Amino acid sequence: MIMMDAADQSKIEKQLSHSAQKQEVRAVEQEEGGSPFILEFFMVQGSGYICMAYRNHDGKWRGAFDNKELPGAIRVLE
């Protein structure tokens, strides 16, 4: 059995968490053909909502935080 102190365990947990986040970003990159983090974000308004969004490589609007395609007509707010 391997013994480790709380600091070592915390460090390992942070590394695992960071690794999982990298895998999620890579999955979005593969799905979208590029990372949403290098795109320009806009405040947009749709039917019944306002959110931050970006346009993917196909010109479709996607939510900045969940990467889901935004339905309906989208208006860019100034």
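Numbering of residues begins at 1 and proceeds along the displayed sequence. No experiment lies behind these values; they were computed from the predicted model shown.
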**Fill in**
In terms of heavy-atom contacts, Arg62 and Asn67 come closest through NH1-O, 2.6 Å
**Request:** Please answer whether the main-chain N or O of Lys60 pairs with a side-chain N or O of Asp58 as donor and acceptor at a distance below 3.5 Å.
**Result:** no
**Prompt:** Are Val76 and Leu70 grouped together when hydrophobic residues (ILVMFWY) are joined by side-chain heavy atoms under 4.5 angstrom apart?
**Reply:** yes
**Message:** Minimum heavy-atom separation for Leu77 and Ile50, please, with both atom names.
**Reply:** CD1-CG2, 3.7 Å
**Item:** Nearest non-hydrogen partners of Ile74 and Gly46, listed with the distance
**Value:** CD1-CA, 4.3 Å
**Complete:** Closest non-hydrogen atoms of Glu40 and Tyr54, given as atom of the first, atom of the second and distance, are O-CB, 3.6 Å
**Request:** May I ask you to test the Tyr49-Pro71 pair for a side-chain heavy-atom distance under 4.5 Å?
**Result:** yes
**Request:** State plainly whether one hydrophobic cluster holds both Met52 and Phe42, where clusters connect Ile, Leu, Val, Met, Phe, Trp and Tyr through side-chain heavy atoms under 4.5 angstrom apart.
**Result:** no
**Prompt:** What distance do Cys51 atom SG and Gln45 atom CD have between them, rounded to the nearest 0.5 Å?
**Reply:** 10.0 Å
